[in-house]
*Asks:* 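Please find one structure pasted underneath; my questions will follow.
Note on naming: letters A, B, ... go to the chains in the order of the sequence lines (proteins, then strands), and numbering restarts at 1 for each one.
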Amino acid sequence: MTSTITTEAAGPLRAGGISRLLENRNVLGALFLLPAAVILLLFLTYPLGLGVWLGFTDTQIGREGIFVGLENYEYLWSDSVFWLSVFNTVLYTVVASILKFALGLWLALILNERLPFKAFFRAIVLLPWVVPTVLSAIAFWWIYDAQFSILSWSLMKLGIIDAPINFLGDPNLARASVIAANVWRGIPFVAITLLAGLQTIPPSLYEAAMLDGTNSWQRLRYVTLPMLTPIIAVVMTFSVLFTFTDFQLIYVLTRGGPVNATHLMATLSFQRAIPGGHLGEGAAIAIAMVPFLLSAILFSYFGLQRRKWQQGGRD
Amino acid sequence: MTKFRLTRRQLMQGTAGVAAGAVGARLLGGRPAAAQDLKITPEEGATLRVTRWSPFVEGDEKQWLANTEKFTKETGIQVRIDKESWEDIRPKAAVAANVGSGPDIMWVWFDDPHQYPDKLLDVTELADYLGSKYGGWYDGPKSYANRDGKFIGLPLATIGNAVVYRKSLVKAAGFDEFPKDTAGFLKLCEGLKKNGLGAGFTHGHGVGDGNNYAHWLLWSHGGKMVDEKGNVTINSPETIEAVKYASELYKNFVPGTESWLDVNNNRAFLAKQVSCIANGVSVYYAAKKDPAMAEIAADIGSTNFPIGPSGQHAELYQVTSAVIFKYTKYPKAAMRYLQYMFEQPQMDPWIEASSAYCCQTLKAYAANKIWTADPVFAPYAKASETLRANGYAGPLGPASAGVMADYVLVDMFAEAVTGQRSPEDAVARAEQRAKRYYKS
């Protein structure tokens with residue numbers, strides 16, 4: 001403000017237009033938004049737009065593509081490996097997200113109790129989330145190794161099994177194994193965020209509920225959960241997005257094998273686009289993920305955040 | 001495009017390069033006056049950037065750097081060498097080619113040069129010169145760097161793959177000598193399994209080992225992915241026989257080979273968890289380097305995969321070529337550098353220092369003493385000779401690269417051996433998947 005006044009004092013006629021413009025709330029707002037908008041356009045909108053465009057072309061590595069309309073999508077429609085990857089991705093996301101939510105909430109409730117060494121435990125819980133994915137994936141790779149698995153080794157020493165478990169070789173076991181690794185990694189995020197949410201619930205609500213003679217289950221059901229729903233919506237949206245787009249775990253553990261049983265859309269997209277050289281098709285697979293992601297976001301924003309739903313009512 | 005000066009004599013030499021093949025071996029000892037004449041004058045003030053894959057064998061990198069240092073000393077051209085994990089080479093080379101900036105020279109894999117041939121410098125003159133001087137290029141590696149009669153790169157090395165086994169266990173299974181045909185090989189694997197420690201070959205998505213094994217299975221039985229024109233011919237009685245044979249072999253494997261990636265077989269072998277694998281010489285090198293593994297190193301034998309019903313010994317292996325990108329500011333310096341590195345005073349020590357990991361692409365270097373330095377190295381000596389290019393018998397290009405990257409062949413065998421599909425169904429599915437790439 002001061003500077004404006006000085007400017008006006010110095011040259012009221014010349015600088016008048018600009019300073020008046022700068023005083024306009026809308027202009028100033030747009031000005032402040034500009035850097036963020038540029039970054040968004042440059043690093044988010046442009047790559048996304050390019051991805052969408054590539055999906056409609058037959059671009060290959062080293063060769064410009066031409067527009068081929070929906071041809072890539074038609075090919076994918078008839079490609080059983082693609083559909084297998086869609087199935088794997090949905091299964092992976094749904095199972096891992098449910099487990100992460102259940103276990104994460106459970107952990108958050110425990111950490112919210114009065115515990116000795118509370119800060120220490122809270123820090124420990126964050127570890128799997130802090131460790132780079134590739135590192136934890138390599139640790140799991142050893143845990144699941146066909147020859148050196150510590151799990152197989154322990155069970156064999158205990159005499160429970162007599163041959164190593166084929167963790168990453170059997171299709172269903174492989175799916176379960178990668179889901180377990182993802183859950184292990186994802187729990188801290190859910191747990192710590194929900195813990196933060198739990199701590200915002202006023203204790204007076206619990207006191208009131210107790211005076212009404214509720215048991216602990218009823219307090220969870222009628223006080224904690226409704227108060228927690230907004231944060232659950234946000235956490236689970238993010239969790240679903242992270243899980244759906246997971247790449248590193250699969251790439252390190254199985255590279256989509258055995259026989260594509262653990263290929264996710266993200267890994268298949270990479271495999272086709274970069275090592276395979278078919279950028280157009282790879283982009284099409286990546287773009288095919290968008291509807292799933294969008295529906296997850298829409299569900300969260302228009303569903304979970306709806307006050308009526310949060311209060312247990314229906315539309 | 002820049003061209004170096006050629007005398008009429010050199011030009012004739014170049015075109016007669018292939019015919020002069022046998023001459024090269026003789027020329028190795030004394031450096032021939034005529035072929036030496038190819039003089040490439042680097043640009044003033046040139047500097048070079050080279051990107052290579054991270055070494056698997058220490059000696060390879062050391063010697064390459066030493067040769068490069070010598071080059072810098074002699075020419076004044078600074079050369080920076082960057083390393084990339086070998087799986088990152090393909091995307092990074094592709095990006096460099098597409099964007100038009102990056103290293104001047106890059107070591108690329110397999111069909112890469114055929115994916116962006118027009119982005120690569122034509123090095124035909126240099127290749128012909130080297131070919132005529134050093135006994136000619138081996139056909140297999142050459143096909144990866146040669147398109148329509150023009151060299152778009154120089155085949156640098158073939159990373160050989162061979163059967164690596166424990167001599168004592170093979171002997172215990174009743175074989176004094178490693179069997180030479182597929183029937184005997186099956187019997188051996190049965191014997192190994194019966195004695196308690198089965199063989200193990202990669203059926204998982206291991207880029208190198210998985211593809212090598214799958215291609216050997218297919219080719220040893222006479223199957224092929226496509227014909228010369230690129231029509232998919234995988235669904236044939238030969239392929240089905242190959243799949244059935246693979247299933248028989250698989251019954252004698254250690255558990256979990258369908259989840260193996262490239263390193264699993266090495267570490268299982270060195271930990272005595274598997275009796276027989278197929279791998280580069282790196283597994284022997286690792287055993288040899290570690291005093292704690294002296295016992296297993298002494299027990300390692302190696303041989304080429306046995307001959308199957310096709311009667312031919314053909315394997316995929318991995319080929320790396322050195323390419324120069326057209327965008328380079330110093331094409332002559334880059335060519336001069338490659339010429340220097342391929343010349344005998346540099347190439348011979350490099351092949352030797354690579355401890356049999358890198359097999360020569362120029363025939364004259366077959367006389368390198370590394371191949372007789374250790375009996376374990378012997379099967380790797382012929383890698384370039386017995387190499388058959390990916391996507392045989394069709395053309396190299398995006399389709400052949402795509403089929404390999406999508407593990408079509410690896411999956412075909414894995415599906416059948418694990419019993420997920422019958423051999424016929426697995427082959428039919430591979431056919432369908434391959435046709436998506438070879439669509440036009």
Side-chain angles (χ1 to χ4, degrees), chain A residues 58-65 71-72 74-76 78-82 84 138 141-142 144-149 152 163-171 173-174 177 250-263 267-268 270-282, chain B residues 87-88 90-91 93-95 97-98 109 111-120 200 203-207 210 254-262 264-265 267-268 271 273-274 397-399 401-408 410-415 418 420-421 426 429 432-433 436-437 439:
Chain A
D58 64 350
T59 308
Q60 287 171 358
I61 276 182
R63 171 165 93 60
E64 295 277 324
E71 200 176 284
N72 285 325
E74 282 165 27
Y75 270 115
L76 289 176
S78 64
D79 176 16
S80 54
V81 177
F82 169 71
L84 183 62
I138 288 175
W141 194 33
W142 279 100
Y144 294 144
D145 190 280
Q147 270 72 39
F148 304 103
S149 163
S152 299
I165 301 169
N166 196 3
F167 284 110
L168 299 176
D170 176 79
L173 254 179
S177 302
I250 300 292
Y251 198 69
V252 171
L253 285 179
T254 64
R255 213 153 289 168
V259 202
N260 304 316
T262 60
H263 245 315
T267 51
L268 188 70
F270 173 79
Q271 179 177 303
R272 296 257 165 101
I274 307 297
H278 291 69
L279 287 176
E281 194 178 325
Chain B
E87 286 162 310
D88 291 340
R90 174 161 281 182
V95 168
N98 274 346
W109 291 112
D111 337 41
D112 283 350
H114 292 266
Q115 303 223 39
Y116 31 82
D118 46 343
K119 306 273 166 58
L120 304 174
H203 274 302
H205 285 183
V207 187
V254 295
T257 52
E258 59 276 15
S259 69
W260 277 9
L261 302 181
D262 278 296
N264 290 72
N265 59 353
R267 65 186 189 208
Q273 298 289 318
V274 56
V403 168
M404 173 154 41
D406 221 12
Y407 300 102
V408 172
V410 175
D411 286 349
M412 175 183 85
F413 285 109
E415 272 180 329
T418 54
Q420 288 177 45
R421 278 170 206 265
R429 188 165 144 78
Q432 183 202 352
R433 285 178 67 187
R436 292 170 38 76
Y437 289 95
K439 47 199 170 198

*Asks:* Do the non-hydrogen side-chain atoms of Asn260(A) and Glu415(B) ever get within less than 4.5 Å of each other?
*Replies:*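 Asn260(A) does not reach Glu415(B) side chain to side chain.
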
*Asks:* Which residue out of Arg267(B), Gln420(B), Met412(B) racks up the most heavy-atom pairs below 4.5 Å with chain A?
*Replies:* Arg267(B)

*Asks:* Please classify the contact between Trp260(B) and chain A as side chain, backbone, both or neither, with a heavy-atom cut-off of under 4.5 Å.
*Replies:* side chain

*Asks:* Mind checking whether Tyr437(B) and Arg272(A) have side chains closer than 4.5 Å, heavy atoms only?
*Replies:*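 In contact.
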
*Asks:* Calculate, to the nearest 0.5 Å, the distance between atoms CD and CG belonging to Gln60(A) and Asn98(B) respectively.
*Replies:* 11.0 Å

*Asks:* Check step by step if side-chain contact (heavy atoms from CB on, under 4.5 Å) holds for Gln147(A) and Val254(B).
*Replies:* CA-CA 9 Å; Gln147(A) 270 72 39; Val254(B) 295; 3.5 Å; yes

*Asks:* Considering only heavy atoms, which portion of Ala97(B) lies under 4.5 Å from any heavy atom of chain A: side chain, backbone, both, or neither?
*Replies:* neither

*Asks:* May I ask you to test the Phe148(A)-Asn264(B) pair for a side-chain heavy-atom distance under 4.5 Å?
*Replies:* no

*Asks:* Name the region of Leu253(A), side chain, backbone, both or neither, that has any atom closer than 4.5 Å to a heavy atom of chain B.
*Replies:* backbone

*Asks:* Could you look at Asp406(B) and say if it's the side chain, the backbone, both or neither that has a heavy atom under 4.5 Å from chain A?
*Replies:*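 It is both, since atoms from each part get that close.
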
*Asks:* Between Val95(B), Val410(B), Asp411(B), Thr257(B), who has the most heavy-atom pairs with chain A when the cutoff is under 4.5 Å?
*Replies:*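 Result: the option with the highest number of such pairs is Asp411(B).
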
*Asks:* Of the options Gln432(B), Arg433(B), Arg429(B), which is the one that meets Ser80(A) in a side-chain hydrogen bond (donor to acceptor under 3.5 Å, both in side chains)?
*Replies:*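 Only match with Ser80(A) under side-chain hydrogen bond (donor to acceptor under 3.5 Å, both in side chains): Arg429(B).
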
*Asks:* Mark yes or no for whether Gln271(A), through its side chain, and Ala405(B), through its backbone, hold a donor-acceptor pair below 3.5 Å.
*Replies:* yes

*Asks:* Please give me the minimum heavy-atom distance between His205(B) and Thr254(A), naming the atom from each residue.
*Replies:* CB-O, 4.1 Å

*Asks:* Let me confirm one number: the CG-OG distance from Asp145(A) to Ser259(B), rounded to the nearest 0.5 Å.
*Replies:* 7.0 Å

*Asks:* Mind ranking Pro398(B), Pro91(B), Gly402(B) by heavy-atom pairs under 4.5 Å with chain A and telling me who comes out on top?
*Replies:*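 With the most close heavy-atom pairs to chain A, the winner is Pro398(B).
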
*Asks:* When only pairs under 4.5 Å are counted, which of Ala93(B), Ala401(B), Gly256(B) shares the most heavy-atom pairs with chain A?
*Replies:*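 Going by pairs under 4.5 Å, I would pick Gly256(B).
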
